[in-house]
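For reference, the structure is listed below as structure tokens.
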There are 2 protein chains.
Amino acid sequence: MPKADTKTKILDAAEMLFAQKGFDAVSLRNIVESAKVNLAAVHYHFGSKQTLLHKVVSRRFRPINKERLAMLANAKSNAGKHKLKLEAVLESLFLPIFRAQANPKAGKSFTRLIGRVVFDRNAELQKFMLNELTEVFVEFSKAFEEALPDLEKTDLDWRSHFMAGAMAHTLCNSDLLTRFTQTNANDSELETTIQRLIDFTAGGFRAKVSKTSKTNKNT
Amino acid sequence: MPKADTKTKILDAAEMLFAQKGFDAVSLRNIVESAKVNLAAVHYHFGSKQTLLHKVVSRRFRPINKERLAMLANAKSNAGKHKLKLEAVLESLFLPIFRAQANPKAGKSFTRLIGRVVFDRNAELQKFMLNELTEVFVEFSKAFEEALPDLEKTDLDWRSHFMAGAMAHTLCNSDLLTRFTQTNANDSELETTIQRLIDFTAGGFRAKVSKTSKTNKNT
DNA sequence: CATTAATTCAAACGATCGTTTAAAACGTGC
DNA sequence: GCACGTTTTAAACGATCGTTTGAATTAATG
């Protein structure tokens, strides 16, 4: 009991504070105060502040990415001989992580943290995230190509990145978004948020490619 | 000459470093070392680190926002009695800030910084940014409504935020994006980037609203 | 129960932080 | 050249930082 408890207390406090203020603005003393544990426990259990961050991220992100891949595989097998639907691919990507917001334990902290992490340029963290996301990148890239066979690779990649930005912004600022748009943050609204994001990004993926951007590729 | 130079040196160094590593991870000593000025000069010229950040942002962001508003006004007067085109609104919003990337002095630092700032949850900074962006919000909101008269206000707001995420991600990570997509970062590619972003976001704004998201609004 | 391993604790280390202070240096106008 | 204003400078302040250390406490094992 108490053995696992200190560690979890630290992880939870760190998750909340990193999400609120960012990695660099939160000290270990902030975390241990919030967690009501001793400062040296952080080094005992995690070794360093950086490692703590990685653990905070990976403890929830790994299962999420696993679920993403499972949902995608399911969508593929459901499609069978038909073409893989873009909306199914997008849902597989968004649903697991947005569902994490409904977790009463983590609530919005974790997803806010993930949204922030996407924008963080700390080299150590980028390396770590790339490692966490490699398989997701590979599999979803292939899935997007399959769902959008007529879209050129370069355009597909750019649109994937725009989509990632839209998703990260939504994850990171969902409380601001709901306040600004006067919608509620309950469970059913979560499905609505996801649907809204799917509508927007699917619309973006399917948008006609302007002549300018296509022509310029050949120069 | 030397009178303005120290101040500008500090601003330039801060811009670059804040963009690279974020506000909290960069110390004043990092900045003055890079700028080759004395530590106390920061307080003499700017008063505090926080104020320095605001000045770094506002010195370029204000003219950009001014230009955005001017371009929008121009687009409106060009439209005359016709409906304002969504693409014109988007271009007015994106072009001035993406053009800042072509500035050899600021290059990518400033836009990367703005991209990061959108995601920063520091209360002081959010207040400051809201102040800088109020007029842009108001005018562009109206313009989007005009360009998309059939889109419900709530859906419009959500899509505006998705668009903001896509834009911020692009601003923040443009070097990663160009490397990942194997495109070049020269001037003509800038126009291409903007066009790609317009294509995607316009596609998103015009996407059909799913039944689910609409129905749920009434519960 | 004794021994060993694991965990927690308080204190300290060496470093760095934003800010302040007062003196020195420089610039300006008469 | 002098008086005054502005800017730069080096040093210091009080605080905080991540990490380390060794002792105390607790848990596990035979």
Side-chain angles (χ1 to χ4, degrees), chain A residues 1-59 113 116-117 120-125 127-128, chain B residues 1-59 113 116-117 120-125 127-128:
Chain A
M1 278 291 185
K3 173 172 147 186
D5 207 40
T6 299
K7 197 168 175 180
T8 303
K9 278 178 180 172
I10 294 170
L11 287 167
D12 290 346
E15 181 176 88
M16 179 184 70
L17 292 168
F18 286 152
Q20 280 179 12
K21 297 176 183 168
F23 180 69
D24 294 310
V26 175
S27 70
L28 293 178
R29 286 167 176 82
N30 298 142
I31 292 163
V32 297
E33 191 190 332
S34 177
K36 296 180 166 55
V37 301
N38 184 274
L39 181 57
V42 177
H43 289 274
Y44 180 79
H45 288 286
F46 299 101
S48 71
K49 189 185 175 187
Q50 187 71 40
T51 304
L52 172 60
L53 177 61
H54 293 181
K55 290 291 159 74
V56 166
V57 171
S58 64
R59 75 170 169 161
L113 179 59
R116 290 188 78 139
V117 163
D120 201 300
R121 299 304 300 274
N122 171 281
E124 186 66 42
L125 191 57
K127 203 166 65 171
F128 169 76
Chain B
M1 278 301 182
K3 174 173 146 186
D5 206 41
T6 299
K7 198 168 172 178
T8 302
K9 278 179 185 172
I10 294 169
L11 286 166
D12 289 346
E15 182 175 87
M16 179 184 70
L17 292 169
F18 287 153
Q20 280 179 10
K21 298 178 186 166
F23 179 69
D24 295 309
V26 174
S27 70
L28 293 177
R29 285 167 177 84
N30 297 143
I31 292 164
V32 298
E33 189 188 334
S34 175
K36 296 182 166 52
V37 299
N38 185 274
L39 181 56
V42 176
H43 289 274
Y44 179 78
H45 289 286
F46 300 101
S48 71
K49 190 184 175 189
Q50 186 72 39
T51 304
L52 172 60
L53 176 62
H54 293 179
K55 290 291 158 74
V56 165
V57 171
S58 65
R59 74 170 170 161
L113 179 58
R116 290 189 77 140
V117 163
D120 201 300
R121 298 304 301 274
N122 171 283
E124 188 65 43
L125 191 59
K127 202 164 68 174
F128 169 76

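Below, read A as the first sequence line, B as the second, and so on, with proteins coming before strands; counting in each chain starts at 1. Because only heavy atoms are used, hydrogens play no part in the values below, and waters and symmetry mates are left out as well, while side chains stay in. Worth saying up front: this structure is predicted, and the values here are computed from it rather than measured.
- The side chain of Ala40(A) approaches dT20(D) more closely than any other nucleotide in the set dG18(D), dT20(D), dA10(D).
- Taking atom CG of Asp24(B) as the reference point, atom C1' of dC17(D) lies 13 Å away to the nearest angstrom.
- For Thr6(A) and dT8(C), the shortest distance from a side-chain N or O to OP1 or OP2 is below 4.0 Å.
- Taking atom CG on Asp5(A) and atom C1' on dT8(C), their separation rounds to 13 Å, with Å as the unit.
- Distance His43(B) NE2 to dT20(C) P: 7 Å, rounded to the nearest Å.
- With a 6.0 Å radius and a threshold of 12 heavy atoms from other residues, nucleotides or ligands, Glu33(A) has its CD atom at or below the threshold.
- As rounded to whole Å, 20 Å separates atom P of dA12(D) from atom CG of Leu28(B).
- Listed pair His45(B) / dT8(D) meets the phosphate criterion, a side-chain N or O lying under 4.0 Å from OP1 or OP2.
- Separating the CD atom of Glu33(B) from the P atom of dG18(C) is a distance of 13 Å, rounded to the nearest angstrom.
- For Asn30(A), whose side chain is taken as the heavy atoms from C-beta onward, the closest listed nucleotide among dT19(C), dC17(D), dG18(D) is dC17(D).
- If you measure from atom CG of Leu39(B) to atom P of dT9(D), you get 11 Å, rounded to the nearest angstrom.
- Separating the CD1 atom of Ile10(B) from the C1' atom of dG18(C) is a distance of 14 Å, rounded to the nearest angstrom.
- Distances shown here put a side-chain N or O of Tyr44(A) below 4.0 Å from the OP1 or OP2 atom of dT7(C).
- Atom-to-atom, CZ of Phe46(B) to P of dG18(C) comes out at 15 Å; the value is rounded to the nearest Å.
- The pair Asp24(A)-Lys49(A) fails the salt-bridge criterion, with no side-chain N (NZ, NE, NH1 or NH2) lying under 4.0 Å from an Asp/Glu carboxylate O.
- When all heavy atoms of Arg116(B) and Gln20(B) are compared, the closest pair comes out as NH1-O, 3.4 Å.
- Here the shortest heavy-atom pairing between Leu28(B) and Leu52(B) reads CD2-CD2, 4.4 Å.
- Minimum atom distance to the side chain of Asn38(A) is reached by dT8(C), of the listed dT19(D), dA12(D), dT8(C).
- Judged by distance alone, with hydrogens and angles left aside, the side-chain atoms of Asp12(A) form no donor-acceptor pair with the main-chain N or O of Lys9(A) at under 3.5 Å.
- Distances shown here put a side-chain N or O of Ser27(A) below 4.0 Å from the OP1 or OP2 atom of dC17(D).
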